[in-house]
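I have placed the structure first, in the form of structure tokens, so that the comments after it can refer back to it.
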There are 2 protein chains.
Amino acid sequence: MKYESVTIKDIALKLNLSTSTVSRALRGSYEISDKTKKLVEDYAKKINYHPNPIALSLKERRSHTIGIVVPEIANNFFSQAINGIESIAYGSGYHVSISQSHESFDRELIIVQHMASRSIDGLLISVSSETKDSSYLKSLHDRGMPIVFFDRIIDEIDTFKVVCDNFKGAYDATTHLIKQGFKNIGHITSSAHLFITRKRLEGYKKALADHKLLYKESLVKHCDHGGMDVEEVKKAVNELFNAKDKPDAILSAGDRITTVMISVIKNYKSINKDIAYLGFSNSELTDMFSPSLTAVCQPAFEMGKVATELLIKLIESKRPIKEFETKIMESKIVIKESSIKKR
Amino acid sequence: MKYESVTIKDIALKLNLSTSTVSRALRGSYEISDKTKKLVEDYAKKINYHPNPIALSLKERRSHTIGIVVPEIANNFFSQAINGIESIAYGSGYHVSISQSHESFDRELIIVQHMASRSIDGLLISVSSETKDSSYLKSLHDRGMPIVFFDRIIDEIDTFKVVCDNFKGAYDATTHLIKQGFKNIGHITSSAHLFITRKRLEGYKKALADHKLLYKESLVKHCDHGGMDVEEVKKAVNELFNAKDKPDAILSAGDRITTVMISVIKNYKSINKDIAYLGFSNSELTDMFSPSLTAVCQPAFEMGKVATELLIKLIESKRPIKEFETKIMESKIVIKESSIKKR
DNA sequence: GTACAATTTGGTATCGTTTGCGTAAATAAA
DNA sequence: TTTATTTACGCAAACGATACCAAATTGTAC
């Protein structure tokens with residue numbers, strides 16, 4: 001079955017005009033008489049003519065479409081960011097094309113390449129936890145594709161970036177736990193090579209140091225699939241609590257890692273239920289957890305908006321932009337029950 | 001800035017061949033000598049040639065892309081369904097283009113029209129709670145666009161549909177509550193005109209009738225924005241609990257309505273905390289709620305898969321398909337704490 | 001009435017790709 | 001050697017729309 005649509009040619013034929021005249025009439029060119037314009041416009045409306053965007057894309061070599069690549073849409077941070085992106089994109093006449101890498105590098109590569117060849121005008125991407133090699137993005141960028149990174153950024157590629165203050169987020173969270181009286185704080189986080197992972201780890205370390213607590217590598221566990229694989233989180237939790245030196249509180253990085261961690265903790269009989277935890281999360285549901293979750297919440301919607309504004313600036317700029325900035329936005333820590341020391 | 005890509009012409013020029021020869025060589029046509037084929041293939045690989053999908057779409061009038069329209073991706077049911085859709089689509093060589101209506105009819109209309117003109121090969125849609133007028137879909141369908149509905153279906157349009165057994169889901173859920181000893185069960189649900197809303201309401205009514213309980217219209221509240229608007233849920237809860245005849249249990253329909261309802265209930269001081277509830281939800285987090293949530297869970301991933309298989313069948317069928325079926329899948333009720341009667 | 005400008009329209013190339021048709025050269029058959 | 005048949009390739013049209021350039025028509029001035 002094939003979907004048939006009406007073209008400029010149909011109009012030209014019917015009205016005994018050339019396609020060029022019809023085209024110009026429809027775009028309101030000054031060189032077409034009002035009479036002809038009216039004729040064409042009326043008939044176009046009557047038969048419900050819409051220009052074929054595929055043909056336009058081919059001709060103009062742009063699609064008025066922004067590509068979005070995120071690890072996972074079933075993640076509040078990303079779905080909120082997407083909403084922010086859409087709010088700006090639609091307002092500026094762009095459509096968006098959303099794809100998920102599912103934290104897989106291979107899939108990410110395929111998706112981005114497909115998008116590039118489908119003439120997206122620009123790319124908004126938060127890379128997968130597996131993405132160590134960013135050369136494919138580098139080369140795309142070098143060939144002129146406007147790219148803006150958000151959240152999971154690639155530091156080596158020189159373009160606009162939008163992150164939240166991961167260092168401060170982790171620092172504040174850790175400090176909060178320390179002030180509650182916890183002395184042995186574990187950290188479950190994402191792939192070690194991710195920029196945000198490094199920043200969060202730095203914040204965590206700095207808070208420990210500032211409060212004269214020893215940093216112990218054994219208390220930090222990495223989940224290379226960002227929590228997509230429940231087993232890796234289970235393993236991390238296991239290792240933490242089966243060690244001689246057990247943590248009394250845990251800081252987790254990332255929406256998914258946080259929720260999986262909580263469910264793992266809940267289901268482990270051997271774990272002291274007094275364990276405190278605090279996670280990076282944008283879920284609206286954490287209030288309903290028991291205990292309710294203290295979380296570092298990122299301004300996802302806002303980040304999506306800002307990233308999109310920057311991208312559109314890149315796309316629509318007449319001359320190549322050389323000066324790039326990295327927008328750092330504030331995350332905020334919402335204190336609930338899970339991080340409070342029981343006495 | 002403009003992204004430049006390498007074309008068949010570049011190859012032809014470099015190799016002193018015509019574009020037709022290059023094209024044929026690349027597609028392995030029998031009328032090209034092995035020598036030339038090798039030459040072309042090697043060079044194409046060397047300069048990393050990829051056919052321009054836009055040009056192909058224009059020529060072949062298909063895009064190998066499936067459009068997905070859902071009310072909201074930040075909803076476990078839909079994000080799981082999307083994962084199911086992707087699993088089949090990618091496996092069959094299709095890409096997907098995801099868009100959200102945000103439960104708005106106007107936005108849905110724009111999105112679908114944009115997709116149609118961008119030559120999607122077929123459409124998978126779960127309509128917004130505002131969609132009463134489906135004539136635009138009807139006309140699209142009449143003009144040959146393959147469409148498969150899932151979850152929020154339009155009964156009047158004759159094509160493939162995938163739903164889960166909403167009647168049974170609601171019937172079983174209501175029966176469970178009745179067996180727990182609740183006698184005055186409220187029902188908060190989505191727009192009255194939605195097919196799934198009607199079916200769930202029927203299941204609810206039937207369960208009441210089968211257990212000799214009176215159906216009271218005052219105990220049924222509709223949220224016309226499917227829970228997107230917190231106020232409407234608040235209002236529904238308010239009305240239920242400010243009436244003389246208060247419910248002792250509530251059945252809610254839809255992921256979002258369920259979670260918003262719970263948070264509303266939790267925050268209302270005046271509501272008896274012994275109120276029982278049971279919701280339609282696909283969230284993995286309901287285990288962590290307190291009380292943990294008894295939920296009717298839909299086979300979202302599976303539904304996405306089945307819908308996509310049907311759509312691809314429609315797309316690739318040589319002759320128009322006249323016989324359509326509606327796949328009805330089993331939902332299952334997972335009993336936790338929130339629906340258990342306290343004694 | 002002629003010359004020239006202004007206005008309005010048509011022809012055609014173009015974007016990147018595929019494909020039917022034509023044809024030159026190479027090979028096979030007579 | 002002549003004729004028939006392959007083989008291997010090029011030309012050009014097409015998909016839908018735009019835009020440059022040329023041309024036709026009309027109007028204006030002398």
Side-chain angles (χ1 to χ4, degrees), chain A residues 2-41 43-44 47-65 113-114 116-121 143-144, chain B residues 2-41 43-44 47-65 114 116-121 144:
Chain A
K2 197 147 287 179
Y3 174 76
E4 297 292 344
S5 60
V6 17
T7 79
I8 217 169
K9 224 186 249 173
D10 301 328
I11 301 180
L13 225 60
K14 174 77 178 188
L15 264 39
N16 266 320
L17 291 169
S18 75
T19 57
S20 18
T21 305
V22 175
S23 170
R24 269 181 288 237
L26 255 17
R27 333 200 82 236
S29 164
Y30 66 96
E31 28 180 344
I32 301 294
S33 70
D34 291 346
K35 206 181 73 189
T36 311
K37 262 185 202 166
K38 178 108 176 53
L39 195 71
V40 173
E41 280 164 3
Y43 186 66
I47 62 173
N48 194 28
Y49 167 82
H50 285 283
N52 181 329
I54 300 271
L56 282 178
S57 291
L58 184 59
K59 186 101 186 60
E60 298 177 1
R61 314 169 99 206
R62 58 177 305 190
S63 56
H64 290 276
T65 300
Q113 241 138 33
H114 178 255
S117 63
R118 273 213 89 79
S119 299
I120 53 166
D121 294 348
R143 277 178 293 159
Chain B
K2 198 144 285 179
Y3 173 76
E4 297 292 343
S5 62
V6 38
T7 78
I8 219 170
K9 225 186 249 174
D10 301 329
I11 302 180
L13 225 61
K14 174 75 176 188
L15 264 39
N16 265 320
L17 292 168
S18 73
T19 57
S20 21
T21 305
V22 175
S23 169
R24 271 183 275 245
L26 256 17
R27 334 202 84 234
S29 162
Y30 65 95
E31 31 180 355
I32 301 295
S33 70
D34 291 347
K35 206 180 74 190
T36 311
K37 265 184 200 166
K38 178 114 178 48
L39 196 70
V40 172
E41 282 163 3
Y43 186 66
I47 61 173
N48 195 28
Y49 167 80
H50 286 283
N52 181 328
I54 301 270
L56 283 178
S57 292
L58 184 59
K59 190 112 198 33
E60 300 176 0
R61 317 171 96 205
R62 57 179 303 191
S63 57
H64 291 276
T65 300
H114 177 255
S117 63
R118 272 212 90 77
S119 298
I120 52 165
D121 295 348

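It should be emphasised that the depicted structure is a prediction, and the values quoted were computed from it without experimental measurement. Residue numbers begin at 1 in each chain, while the letters A, B, ... track the order of the sequences.
Applying the side chain to side chain donor-acceptor pair (under 3.5 Å) test to pairs two or more places apart or on separate chains, those with a residue in residues 8-18 of chain B are S18(B)-S20(B), S18(B)-T21(B). A salt bridge (Lys or Arg N to Asp or Glu O under 4.0 Å) check over residues 18-29 of chain A, counting only residues at least two apart or in different chains, returns nothing.
A straight line from NZ of K9(A) to P of dG11(C) spans 13 Å, rounded to a whole angstrom. In this structure, the CD1 atom of I32(B) is 13 Å from the C1' atom of dT18(C), given to the nearest Å. Remark: P of dT25(D) and NZ of K35(A) are 14 Å apart, rounded to the nearest angstrom. Computed from coordinates, the K38(A) NZ to dT8(C) P distance equals 17 Å when rounded to whole Å. In this entry the distance linking CG of L26(B) with C1' of dG16(C) reads 13 Å, nearest Å. What separates CD of E60(A) from P of dA19(D) is a distance of 7 Å, to the nearest Å.
Residues passing the side-chain hydrogen bond (donor to acceptor under 3.5 Å, both in side chains) test with H114(A) are H95(B), sequence neighbours excluded. Residues meeting the side-chain hydrogen bond (donor to acceptor under 3.5 Å, both in side chains) test with N48(B), sequence neighbours left out: H50(B). In this structure, the side-chain contact (heavy atoms from CB on, under 4.5 Å) partners of E41(B), at least two apart in sequence or on a different chain, are L26(B), K37(B). Contacts of R118(B) classified as side-chain hydrogen bond (donor to acceptor under 3.5 Å, both in side chains), with partners at least two apart in sequence or in another chain: S57(A). Take E31(A) and apply the salt bridge (Lys or Arg N to Asp or Glu O under 4.0 Å) test, not counting sequence neighbours, and it matches no residue. Partners of L39(B) by side-chain contact (heavy atoms from CB on, under 4.5 Å), not counting sequence neighbours, listed by chain and number: L15(B).
Contacts between residues 48-58 of chain B and DNA chain C, counted as heavy-atom distances below 4.0 Å, involve Y49(B), H50(B), P51(B), N52(B), A55(B), L56(B). Looking at residues 12-22 of chain A, you'll see N16(A), L17(A), S18(A), S20(A), T21(A) sit with a heavy atom under 4.0 Å from some atom of DNA chain C.
Within the helix from dG1(C)-dC30(D) to dA30(C)-dT1(D), the inter-axis angle between the opening and closing five-pair segments is 70°, rounded to 10°.
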Collect all protein-nucleotide pairs involving nucleotides 21-27 of chain C in which both atoms are nitrogen or oxygen and the distance is under 3.5 Å.
none

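Checked by atom type and distance alone, the side chain of S29(B) never pairs as donor or acceptor with a backbone atom of I32(B) at under 3.5 Å.
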